[in-house]
A.B. asks: 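My questions all concern the structure below.
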Amino acid sequence: MSASHSAEKVLSSSAKDSAASKKRSRNMANSRKAQRALALAGQYAGLIAFAIFTCFPFVWALAVGLSTDPSNTWLFPRSFWPTEPGLMWFERVFTEMPFLKYLKNSTVMSFWTIVSVVVISVLAAYPLARLKFPGRNLIFVAIIATLMLPSEVNIIPNFITLKHLGLLDSYWGAIIPNFAGAFGIFLMKQAFEQIPQDLIDAARVDGATELQILWRVMVPVSAPSIAALSIFTLVNAWNDYLWPSIVITTRDKLPLAVGVFNDLTGPFAVSTSLVMAAIVLTVLPVLIFFAFTQRYFISGLDGAVK
Amino acid sequence: MKNSSSYTAIAYLFLAPALILMGIFTFWPVGYNTYLAFNNYSIAEGTATWNNFEHFKYIAQEELFHNALKNSLLYLLVVPVIQIAALVVAKLVNNKLPGMTFFRAAYYIPVITAISIAGVVWANVYKYDGMLTWLLQALHLVPQGPDGQIDWLGNPDIALYMVMLFTFWKGIGYYMVLYLAGLQAIPGEVEEAAILDGANAWDRFWKITVPMVKPTILLCTLLSTIAAIRAFQEIIVLTKGQADTYTALYYVFDQAFRNYNFGRGAAAGLVVTFFCLMLSAIQFRFFGEKK
């Protein structure tokens with residue numbers, strides 16, 4: 001009797017135990033879920049806070065540019081939202097500074113920079129990546145070493161060189177030093193190295209010349225890297241400030257980054273509204289371009305850092 | 001099949017445009033700078049005369065250059081901050097969660113903005129009654145009213161750090177993208193296994209992420225160190241070198257294009273180049289291939 005009683009006790013207690021452990025495990029699962037939700041919320045909070053940090057100057061510039069009534073410009077946080085929205089200041093940008101001329105200059109200079117950088121980098125990267133020839137390592141190391149030099153120091157000699165070439169105050173003078181650079185050659189070399197040797201051998205057996213191999217085999221396969229290089233070069237060329245500001249002296253030949261800056265810190269500095277409208281208009285073209293191409297960007301850079 | 005000597009010809013033919021252009025605009029300037037640094041250069045006649053280290057002797061005792069060099073070295077403080085922040089941010093946006101494309105783009109916007117244009121906006125952030133003052137007053141971190149209105153770019157004690165904050169804002173997206181590319185090369189299983197083993201986020205970051213993106217860390221630290229030593233454009237657009245923000249490259253630029261003393265500018269530039277190479281060598285030694 002007592003035995004059965006104790007057995008019952010054991011049974012019931014073990015049943016109680018299992019119920020408790022089930023409850024505990026459910027609690028644990030719940031708390032783990034809660035923990036994960038909390039971590040996720042924390043992560044998003046951090047991401048949003050950081051997005052505010054990177055974007056707030058532009059939000060403010062946009063709001064101020066859109067406010068036809070500038071009286072709230074220095075009233076925070078009111079000025080992050082436009083007062084009496086309108087495009088008046090944007091229209092005045094076009095009438096009061098040669099904005100379209102600057103835009104055209106930037107476009108022409110960026111276009112030729114991209115074409116030249118891509119062609120020169122692709123041509124130089126192919127032998128460095130796939131051909132055996134004496135001096136290959138030395139040339140590659142010399143090119144990469146230039147990444148460690150402060151390029152601003154080149155300004156003085158390059159200024160003198162361009163003076164001798166008669167290229168001062170010209171489009172070409174403003175962009176030609178940027179045509180050949182270590183970054184582009186390195187990026188394309190990394191991309192070309194990932195292409196299987198079989199493809200090249202097959203083309204050679206078919207009697208293709210090296211130029212045909214480069215153009216018909218290597219270039220199409222490396223399209224993502226070429227896209228990344230083009231985007232990267234566009235952003236750099238569009239935003240280049242220091243060198244064009246030294247080389248180009250005629251106002252009508254200035255690119256946006258220089259022309260708008262000179263105007264904004266000079267004659268137009270008095271009207272913050274006009275300044276912000278001009279800034280929004282200057283940033284907009286790159287922003288739109290980047291929005292459409294950014295998905296190629298990271299995938300194309302992939303090989304460069306491996 | 002062709003023999004190797006015909007590849008040599010074609011290789012150099014393909015390399016020619018790059019080598020000629022880099023020769024003229026990258027390698028030649030290094031040599032010419034060295035030459036100019038030891039000579040008196042006359043712009044009008046285009047002649048140079050040997051001057052027995054006069055430029056180096058001059059800048060070695062000049063207070064202005066010492067201070068400029070000190071500021072350039074102080075600027076290195078931004079390097080560790082920007083690198084750790086960029087890696088953390090890259091880690092955060094590397095998750096497969098909704099909205100990551102948006103955040104990546106939002107963080108990259110400062111990078112695709114011209115430095116001159118960004119500088120004009122930030123001048124308004126740093127105005128004595130601008131956005132930074134408002135934010136700190138709203139958080140009650142500085143006194144209300146005119147007492148708390150600080151001229152962020154005019155006060156020599158803080159102006160340089162304010163310019164560094166601008167550099168941080170402008171550059172973090174760039175390094176984030178490089179780290180992101182590096183992180184995407186890490187197989188997901190490694191991290192999953194560590195989670196199963198009970199490693200927390202902190203340990204996973206230091207014991208998995210950091211070692212696996214080490215080559216990217218070296219590349220980014222190197223680029224960011226050189227960028228810090230060359231700090232100049234951010235200063236020209238924000239403070240024009242006032243309030244103790246004058247850096248070594250600003251000195252080079254001033255000597256060349258304001259004083260028209262190309263030789264002295266080149267000598268100072270050579271000193272900056274020397275620092276760049278020395279710091280790069282140190283980093284290769286500490287972070288480079290070491291087993």
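Note that the coordinates shown come from a computational prediction; the quantities given were computed from them, not determined experimentally. All values below were derived from every heavy atom in this structure, side-chain atoms included, with hydrogens, water molecules and symmetry-related copies excluded. Residue numbers start from 1 in every chain, and the chains themselves are labelled A, B, ... in the order their sequence lines are given, proteins ahead of strands.
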A.B. asks: In terms of heavy-atom proximity below 4.5 Å to chain A, should F275(B) be classed as side chain, backbone, both, or neither?
C.D. replies: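 Neither the backbone nor the side chain of F275(B) comes within 4.5 Å of chain A.
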A.B. asks: Which one wins on heavy-atom pair count under 4.5 Å against chain A: L13(B), N33(B), L21(B)?
C.D. replies: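 With the most close heavy-atom pairs to chain A, the winner is N33(B).
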A.B. asks: Verify, without hydrogens or angle tests, whether T26(B) (side chain) and G23(B) (backbone) share a donor-acceptor contact under 3.5 angstrom.
C.D. replies: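 No, the answer is negative, given that no donor and acceptor are paired below the 3.5 Å cut-off.
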A.B. asks: Less than 4.5 Å to any heavy atom of chain A: does that hold for the side chain of Y35(B), its backbone, both, or neither?
C.D. replies: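 Interface part for Y35(B): neither.
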A.B. asks: Ignoring hydrogens and angles, state whether a donor on the side chain of Y102(A) or D263(A) is under 3.5 Å from an acceptor on the partner side chain.
C.D. replies: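 Note: Y102(A) and D263(A) side chains meet the donor-acceptor criterion.
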A.B. asks: When the aromatic ring centroids of F56(A) and W60(A) are compared, is their separation below 6.0 Å?
C.D. replies: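 Distance test on ring centres: not under 6.0 Å, no.
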A.B. asks: Based on non-hydrogen pairs under 4.5 Å, which of A105(B), P110(B), A266(B) is most in contact with chain A?
C.D. replies: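 Option with the top pair count is P110(B).
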A.B. asks: Any side-chain heavy atom of L264(A) sitting closer than 4.5 Å to one from I279(A)?
C.D. replies: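 In contact.
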A.B. asks: Over all heavy atoms of both residues, which pair between I156(A) and G265(B) is shortest? Give the atoms and the distance, please.
C.D. replies: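 Here I156(A) and G265(B) meet closest at CD1-C, 4.0 Å.
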A.B. asks: Using non-hydrogen atoms and a 4.5 Å limit, figure out which bit of I48(A) sits close to chain B: side chain, backbone, both or neither.
C.D. replies: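 Both parts, heavy atoms under 4.5 Å.
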A.B. asks: Name the region of I20(B), side chain, backbone, both or neither, that has any atom closer than 4.5 Å to a heavy atom of chain A.
C.D. replies: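 Neither the backbone nor the side chain of I20(B) comes within 4.5 Å of chain A.
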A.B. asks: Count the heavy atoms of every other residue, nucleotide or ligand shown that sit under 6.0 Å from CH2 of W172(A), and state whether that count exceeds 12.
C.D. replies: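 Check passes, neighbour count above 12.
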A.B. asks: Using heavy-atom distances under 4.5 Å, tell me whether L92(B) contacts chain A through its side chain, its backbone, both, or neither.
C.D. replies: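 Answer is both: backbone and side chain atoms of L92(B) are under 4.5 Å from chain A.
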A.B. asks: At a 4.5 Å cut-off on heavy atoms, which part of V153(A) comes close to chain B: side chain, backbone, both, or neither?
C.D. replies: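 Both parts, heavy atoms under 4.5 Å.
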A.B. asks: Could you check whether K189(A) makes a cation-pi contact with F140(A), meaning its NZ or CZ is under 6.0 Å from the centre of the six-membered ring and within 45° of the ring axis?
C.D. replies: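 Relative to the ring axis of F140(A), which defines the angle, K189(A) lies inside both limits.
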A.B. asks: Taking I112(B), V121(B), I117(B) one by one, which has the highest count of heavy-atom pairs under 4.5 Å against chain A?
C.D. replies: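 Greatest number of close heavy-atom pairs with chain A: I112(B).
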A.B. asks: At a 4.5 Å cut-off on heavy atoms, which part of A142(A) comes close to chain B: side chain, backbone, both, or neither?
C.D. replies: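 It is both, since atoms from each part get that close.
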A.B. asks: Side chain, backbone, both or neither: which part of V125(B) has a heavy atom under 4.5 Å from chain A?
C.D. replies: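 Interface part for V125(B): side chain.
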A.B. asks: So Y250(B) and F253(B), would you call those rings parallel, tilted or perpendicular, with 30° and 60° as cut-offs?
C.D. replies: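 Geometry flag for F253(B) against Y250(B): perpendicular rings.
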A.B. asks: Could you name the residues of residues 225-233 of chain B that have a heavy atom within less than 4.5 Å of a heavy atom in chain A?
C.D. replies: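 Within residues 225-233 of chain B, near chain A: I226(B), R230(B), F232(B), Q233(B).
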A.B. asks: Which region of L234(A), side chain (C-beta onward) or backbone (N, CA, C, O), has a non-hydrogen atom less than 4.5 Å from a non-hydrogen atom of chain B, or is it both or neither?
C.D. replies: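 The answer is neither part of L234(A).
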A.B. asks: What part of V286(A) is in contact with chain B, defined as an atom under 4.5 angstrom from a non-hydrogen atom: side chain, backbone, both or neither?
C.D. replies: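 Contact with chain B is through both the backbone and side chain of V286(A).
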A.B. asks: Select one option (side chain, backbone, both, neither) describing which atoms of L131(A) are under 4.5 Å from chain B's heavy atoms.
C.D. replies: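 Only the side chain of L131(A) comes within 4.5 Å of chain B.
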A.B. asks: Would you please classify the geometry between the F14(B) ring and the Y126(A) ring as parallel, tilted or perpendicular, with 30° and 60° separating the classes?
C.D. replies: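 The rings of Y126(A) and F14(B) sit tilted, inter-plane angle from 30° to 60°.
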A.B. asks: With only heavy atoms counted, which part of F289(A) is less than 4.5 Å from chain B, the side chain, the backbone, both or neither?
C.D. replies: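 Neither the backbone nor the side chain of F289(A) comes within 4.5 Å of chain B.
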A.B. asks: Does the gap between the ring centers of F50(A) and F53(A) come in under 6.0 Å?
C.D. replies: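 When the ring centroids of F50(A) and F53(A) are compared, they turn out to be within the sub-6.0 Å range.
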A.B. asks: Which bit of F274(B) is near chain A, if near means a heavy-atom gap under 4.5 Å: side chain, backbone, both or neither?
C.D. replies: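 Contact with chain A: none, neither part.
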A.B. asks: Using non-hydrogen atoms and a 4.5 Å limit, figure out which bit of I176(A) sits close to chain B: side chain, backbone, both or neither.
C.D. replies: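 Backbone plus side chain of I176(A), per the 4.5 Å heavy-atom cut-off to chain B.
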A.B. asks: Is L279(B) close to chain A through its backbone or its side chain, or both, or neither, when contacts mean heavy atoms under 4.5 Å?
C.D. replies: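 Neither part.
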A.B. asks: Please classify the contact of M100(B) with chain A as side chain, backbone, both or neither, using a heavy-atom distance under 4.5 Å.
C.D. replies: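 The side chain, not the backbone.
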A.B. asks: Given that the side chain runs from C-beta out, which part of V88(B) has a heavy atom under 4.5 Å from chain A: side chain, backbone, both or neither?
C.D. replies: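 Neither part.
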A.B. asks: Check whether L36(B) gets within reach of chain A through its side chain, its backbone, both or neither, counting any heavy atom under 4.5 Å.
C.D. replies: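 Side chain only.
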A.B. asks: Verify the ring-centre separation between Y174(B) and W169(B): is it less than 6.0 angstrom?
C.D. replies: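 Distance test on ring centres: not under 6.0 Å, no.
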A.B. asks: Which atoms of K127(B) are under 4.5 Å from chain A, going by heavy atoms: the side chain, the backbone, both sets, or neither?
C.D. replies: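 The answer is the side chain of K127(B).
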